[in-house]
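Worksheet for the structure shown next.
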Amino acid sequence: MENKYIGSCDFKYDDLKYLLDRYPSIKKVSFVVIGEPFIIRDLIPMAQLAKKYNKKTSVITNASLLHHHWGKIAGSFDSISISIHGTNATDLSKNSNVDSAIFNQLIYNIKYLTLVEHKLNTSMNIRSSVVILKSDMHRLENAAIFCIENNIKTLDLQNFLPYDIRDSDMCIFDDDN
């Protein structure tokens, strides 16, 4: 899956260097973007820069583009969180509006990450996350099974955050049964 916006990012390598030089007390650099961070041309160099400054690094990814960076991921990140948008090809296509064939690439990338890249950096924390909707609670069990099948040891559960009050019926509240 290629992206026509590859390399398009307002935050650049020199911006990170400036921040790390100016604020040496920064302990961790997390790469969190709207969309897939691995489309950013300088993502790996920025993570490697943070590592040179002895900072912990993390990234949240959908895992679709990891295969472009094999051999560099383990040395660049202390933690990788994979957002689960679908535990099978049909759900991924429905939830993310992508071709269902992408699912096979995701599975390959996740398995390579957990079985090969992880051996290059055994302290790298590989986790997964899923957003749970009140109307879609079966995603919780499906995500747990997905993690077990793909050698992901940690699953983070996230409650849906509404954009406005009309979306609040999708959230799970303390007083829900």
Side-chain angles (χ1 to χ4, degrees), residues 1-87 92 95-99 101-131 143-144 146-158 161:
M1 174 170 80
E2 299 304 320
N3 190 307
K4 66 181 179 178
Y5 301 108
I6 194 143
S8 170
C9 179
D10 291 334
F11 189 76
K12 304 285 187 215
Y13 182 94
D14 289 339
D15 298 324
L16 178 59
K17 185 169 183 353
Y18 171 81
L19 290 174
L20 294 174
D21 285 336
R22 182 160 175 133
Y23 303 101
S25 62
I26 292 172
K27 293 180 177 14
K28 183 176 182 180
V29 177
S30 296
F31 297 93
V32 181
V33 301
I34 297 173
E36 175 52 38
F38 282 93
I39 66 169
I40 300 169
R41 181 175 290 116
D42 287 341
L43 179 68
I44 295 291
M46 286 193 292
Q48 291 170 342
L49 174 67
K51 298 300 288 173
K52 285 180 187 172
Y53 279 74
N54 294 314
K55 309 303 179 187
K56 296 288 186 185
T57 57
S58 66
V59 64
I60 299 173
T61 176
N62 64 23
S64 64
L65 299 175
L66 296 180
H67 59 286
H68 293 288
H69 304 282
W70 294 143
K72 298 175 189 166
I73 293 172
S76 301
F77 297 101
D78 297 292
S79 178
I80 294 182
S81 180
I82 301 166
S83 300
I84 300 176
H85 298 288
T87 57
L92 177 66
N95 296 334
S96 298
N97 198 28
V98 297
D99 187 280
I102 299 291
F103 187 76
N104 293 333
Q105 184 68 57
L106 292 174
I107 295 300
Y108 172 82
N109 287 352
I110 290 169
K111 288 190 183 291
Y112 194 94
L113 177 68
T114 59
L115 299 174
V116 178
E117 286 283 325
H118 193 252
K119 287 181 182 172
L120 299 173
N121 177 3
T122 57
S123 65
M124 181 172 52
N125 181 6
I126 301 171
R127 52 194 320 116
S128 195
S129 63
V130 65
V131 175
F146 179 88
C147 288
I148 291 166
E149 290 174 347
N150 291 287
N151 202 31
I152 300 171
K153 306 290 186 213
T154 303
L155 173 62
D156 298 316
L157 306 177
Q158 300 173 352
L161 296 174

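All figures in this text were calculated on a predicted structure; none of them were measured in a lab.
- A donor-acceptor pair is defined here as one N or O able to donate and one able to accept, closer than 3.5 Å; such a pair exists between the side chain of S128 and the backbone of I82.
- The environment of K51 atom NZ is dense: over 12 non-hydrogen atoms of other residues, nucleotides or ligands sit within 6.0 angstrom.
- The aromatic rings of F31 and F77 sit perpendicular to each other, their planes meeting at more than 60°, with 30° as the lower class boundary.
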- [ ] I would like to know whether K119 and L115 meet side-chain contact (heavy atoms from CB on, under 4.5 Å); could you show each step before the answer?
- [x] CA-CA 7 Å; K119 287 181 182 172; L115 299 174; 5.7 Å; no
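- By the 6.0 Å contact criterion, CG on N97 is open, its count of non-hydrogen atoms from other residues, nucleotides or ligands being 12 or less.
- Residues N151 and K153 bring a donor and an acceptor atom of their side chains to less than 3.5 Å of each other.
- Panel note: side chain T57, backbone S76; a donor-acceptor pair is recorded below 3.5 Å.
- For N62 (side chain) and S64 (main-chain N/O), a donor-acceptor pair under 3.5 Å exists by modelled atom type.
- A distance of 10.0 Å separates NZ of K56 from OG of S79, quoted to the nearest 0.5 Å.
- For the pair I60 and S83, the tightest heavy-atom approach, listed with the atom from each and the gap, is CG2-OG, 3.4 Å.
- No side-chain donor from either of E117 and N121 sits under 3.5 Å from a side-chain acceptor of the other.
- To the nearest 0.5 angstrom, I107 atom CD1 is 5.0 Å from I110 atom CD1.
- Ion pairing between K12 and D42 fails under the 4.0 Å rule for side-chain N and carboxylate O.
- The structure places CG of L16 at 8.0 Å from CD1 of I26, a figure rounded to the nearest 0.5 Å.
- A salt bridge does not link D78 to K55: none of the charged nitrogens lies less than 4.0 Å from a carboxylate oxygen.
- Scanning all heavy atoms of the two residues, the minimum distance from K28 to S58 falls at CE-OG, 3.4 Å.
- Between R41 atom CZ and Y13 atom OH the span is 15.5 Å, to the nearest 0.5 Å.
- How far CG of L113 is from NE2 of H67: 13.5 Å, rounded to the nearest 0.5 Å.
- Checking side-chain atoms of T114 against main-chain N and O of K111 turns up a donor-acceptor pair under 3.5 Å.
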Task: ring-ring contact (aromatic ring centres under 6.0 Å, His included) between H68 and F38, intermediate numbers included - done: CA-CA 9 Å; H68 293 288; F38 282 93; 9.8 Å; no
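- Once rounded to the nearest 0.5 Å, the distance linking CD1 of I84 with CD1 of I152 reads 6.0 Å.
- Ring orientation note: the planes of W70 and Y108 are nearly perpendicular, at an angle over 60° on the 30°/60° scale.
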TODO: Tell me, with the steps shown, if I40 and M46 meet side-chain contact (heavy atoms from CB on, under 4.5 Å).
DONE: CA-CA 10 Å; I40 300 169; M46 286 193 292; 4.2 Å; yes
Open item on the list: Is there a side-chain contact (heavy atoms from CB on, under 4.5 Å) between I73 and Y112? Walk through the geometry before answering.
Closed with: CA-CA 11 Å; I73 293 172; Y112 194 94; over 6 Å; no
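- Residue A50 comes nearest to L20 through the heavy atom pair CA-CD1, 3.9 Å, listed as atom of the first residue, atom of the second, then distance.
- The backbone N or O of H85 sits less than 3.5 Å from a side-chain atom of N95, completing a donor-acceptor pair.
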